[in-house]
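Before any comments, here is the structure.
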Amino acid sequence: MFYPFKKIETKWRKIWQVKKIYEPNLDKARRPFYNLMMFPYPSAEGLHVGNMYAFTGSDIYGRFKRMNGYDVFEPIGLDGFGIHSENYALKTGQHPAKLARITEKNFYRQLESVGNSFAWDERLETYKPDYYKWTQWIFIQLFNRGLVYRAKAAVNWCLSCKTVLADEQVINGRCERCSSEVIKKELEQWFFKITKYAERLLKNLEKIDWSEKVKIAQRNWIGKKEGALIKFQVLNSKIKIEVFTTRPETIFGATYLALSPKHKAISNLQILITNKKEVEDYIKQHVSINQSLLETELMVKTGVELKGVKAVNPASNEAIPVWISDYVMEDVGTGAVMGVPAHDQRDFEFAKQFNLPIKMVICPNYPAPVCPVLNQANEGEGYLVDSGKFTGWPSVKAKKEIVKFVGGRLKVQYHLRDWLISRQRYWGPPIPLVFCENCAIKMKNQALRINIKEFSKGELENPGWIAVPEKDLPVKLPFIKNFRPTGKGESPLASIKSFYETKCPKCGGKARRETDVSDTFLDSSWYYLAYLMKFKNWKARFRDSAFSKLTRRWLPVDMYIGGAEHSVLHLMYSRFIAMVLYDLDLVHFEEPFKVFRAHGLLIREGAKISKSKGNVVNPDEYIKKFGADVFRLYLMFLAPFEQGGDFRDESIAGIKRFLERVWRFYQKSEIQNLKFAINKKSQISNSRLKQLLHQTIKKVTVDLQNLHYNTAISALMILFNEMEKNLAVNDRETIEIFLKLLAPFAPFLTEELWQKFKGRIYTNFIQTKTKCLLTSVSSRFKSIHLEKWPQWEEKKIKEGKIIFIIQINGKTRDVFEAEKNLTKEEAKRIALNRPKIAVLLKSTKPKKLIFVPNKVINFII
Ligand code: ANZ
Ligand code: ZN
């Protein structure tokens, strides 16, 4: 018989809620611990098992901290604005606002069913006007500070979502949300100046305790490169082509220049080019393709020479050919490279392809007896050869000197681009700006002499664009029937006259609202702050002293657990926004998340569980069939939490049996009032059980701290096996501690057993099959989840240990540490498995075995 989990779960869910055991006192908490998990974006069929995996792992940590005496705050909400939710609405033909109400219910039901210790009172949804009022407010803070600008640029355009995307949202040339192809389109858009923070975003990484792989991803994305800008004069022309290089010391080996097909100089070079048609054709073929797509999918390098054009290598004074090629990225460096085939692999491949000279200028040693013949580029350092007056210099030392010599300048370059923030979609917070023609004219016309003080930095930098005043926030997203993206480069709001027609807040004249909405990642960049505002019923404001008291008490976040796929998206954007708020003196921290741990991914049938792979698992079925506790334990038992695991149905049965046995064991101890007979077959003594108990406390504690949940669970199983076999009369201690250790993993079962075992039934309720009507809960009720986490005693762990000696023919050959009262058979097995002994004994079979308990095992051969 399986235990009645359904009844138990509905009951405790209710009691926990009534007693608010997971609601810390936000104002007064003495040992605040902010345990954050990435709030989900509602979509499709609800939460899948991967989400549950992440949330459960995070919750277990929170429960562990709570039992260790912390006031744990574990909030949850929905990241419900944005393309993802809207795409789902489009697919199902429902309005996103209506869909939001449905998914909200479903998500919260699911999140509740899995038994996480959420502070439900503080839940929030990003699409509620109360929330996005502050998203818009933050937008305006950035705008007023001069961190927002409008610019025309070749931006990423998702053909399917019909909107622009930020660079971070293009993964291998495809849309992060829908995986469709992304092309480049010239459009005027709003950007956040995140590049101004590149150096700080990079430096601060050293200060935070984050999963290394996420730090690496951020470091690479920021992509700091120290190099130089060097100009190459075009022969018979005034034009100079500037290149960016990280290896200026190789310049004597530059045998050609290569430009991106979109390089601005090409049109100015027309008079020199003799193969115009060929060049034109090449450019036509290559401008519309997305480069990151190219990079990943094209192995062969292509290009065409600009015949008639030569450039002068400023170091060697040689005339070198100029090529265009799509291996040169338009938006990296200057969009032009000096080709050094001998020392750059890409250049090497290009030179091989088109028979360009390969000139070696760095050798591993100097004077060089022979320089190796290259069959690939030598990208290492060494000594310069064939490099004029620099010949013989160590390459590292020559860098700066050569830049000086050729009249270049040192330049630090970042890969990070400004954050494209506008979206031509419906389901998001309208960007809180209006455009006023009248003010634009005034600002552009110097003669009119505007009063500068009247305008913010953002308004001065973007003439005509005026911020919506704080008192007029939120700019509400109107309910419109046709919310479909138009594909014309503007939001559906652009056809809603009643929305865009407005008055200029500055001059009162006719003005037009911005009709694009902001990126979803702006919504999620500050939600951890919003949970604290929610408590104040949204009346709190950033500058309120009450709010800053709260943020000081609770922030930065103590533990943040989530997916690594957000490394350069959410996790980068949130850091940036926090830095801006810090500079504005609105928060006291620069880094919002002190500790971040990335959980692993769940795999099924060899692939990551995801909708696109068609291998999703609906957690509801499992919870219904096995109960939340079995499901939690099962997920956490799969593999180390940070590694992810293979979801296989078969193995859930083992966990089910385990909890069944626990249930039965405690039923029995209750009935028999702890009068166990000592099992005759018992192999270990009671003191050994105590030792194991303390070992287990230590193991589970250390494992939980390190998120090694799977090994913690197996330690609990080992302890329980022994308990089943050996429990002595009235060993209440072991029985209680076991439940406490299991509590973070199986919150419902342990609560039920704990309350029964302690004989503290302080609750009255009437329970039907599906409902639980509480009639009263005594004030003396105390949940196991608020009990104190057990402490181990090092002394007890060591007590039973002995040093066991292995002898061969009376001669000591090896020793091992073992538990007291080892049996002869166990000792023999351990001894024979010791590598040293195995070698010595080889195939000889011992004639005799002498066993001295707790001391020696002696093989006679
Ligand atoms: C000459 C050179 C010689 C370079 C050498 C490297 C090695 P990494 O190397 O990835 O850090 N580069 C510059 N602008 C580029 C563009 N728009 N598209 C493609 N490649 C470009 O990146 C820096 C190097 O990338 C630069 O240094 C340049 O090649 C190339 F032995 O210049 B180097
Ligand atoms: Zn105006």
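Being a predicted model, the structure only gives us computed values, none of them experimental. Just follow the structure's listing: the first ligand is 1, and inside any ligand the first atom is 1.
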Identify all side-chain donor-acceptor contacts of residues 410-422 below 3.5 Å with residues at least two apart in sequence or on another chain.
{"residue": "Tyr414", "atom": "OH", "partner": "Glu199", "partner atom": "OE1", "Å": "2.2"}
{"residue": "His415", "atom": "ND1", "partner": "Trp221", "partner atom": "O", "Å": "2.8"}
{"residue": "Arg417", "atom": "NH1", "partner": "Asp331", "partner atom": "O", "Å": "2.4"}
{"residue": "Arg417", "atom": "NH2", "partner": "Tyr414", "partner atom": "O", "Å": "3.0"}
{"residue": "Asp418", "atom": "OD1", "partner": "Ile194", "partner atom": "N", "Å": "3.2"}
{"residue": "Asp418", "atom": "OD1", "partner": "Thr195", "partner atom": "N", "Å": "3.0"}
{"residue": "Asp418", "atom": "OD1", "partner": "Thr195", "partner atom": "OG1", "Å": "2.6"}
{"residue": "Asp418", "atom": "OD2", "partner": "Tyr149", "partner atom": "OH", "Å": "2.5"}
{"residue": "Trp419", "atom": "NE1", "partner": "Asp519", "partner atom": "OD2", "Å": "3.0"}
{"residue": "Ser422", "atom": "OG", "partner": "Gln189", "partner atom": "OE1", "Å": "2.6"}
{"residue": "Ser422", "atom": "OG", "partner": "Trp190", "partner atom": "N", "Å": "3.0"}

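Within a 6.0 Å radius of OH in Tyr582, other residues, nucleotides and ligands contribute 12 heavy atoms or fewer.
Note on Arg150 versus Glu514: salt bridge recorded, some NZ/NE/NH1/NH2 to OD/OE distance being below 4.0 Å. Between Arg247 and Glu249, at least one side-chain nitrogen of the basic residue sits less than 4.0 Å from a carboxylate oxygen of the acidic one, meeting the salt-bridge criterion. Classification of Glu591 and Arg575 as a salt-bridged pair holds, one side-chain N sitting under 4.0 Å from a carboxylate O.
Using a 30° and 60° split on the angle between ring planes, Tyr197 and Phe576 fall in the perpendicular class, above 60°.
A distance limit of 4.0 angstrom between heavy atoms and ligand 1 selects the residues Lys225, Phe244, Thr245, Thr246, Arg247, Thr250, Tyr327, Val328, Met329, Val332, Gly335, Val337, Met338, Val340, His343, Asp344, Arg346.
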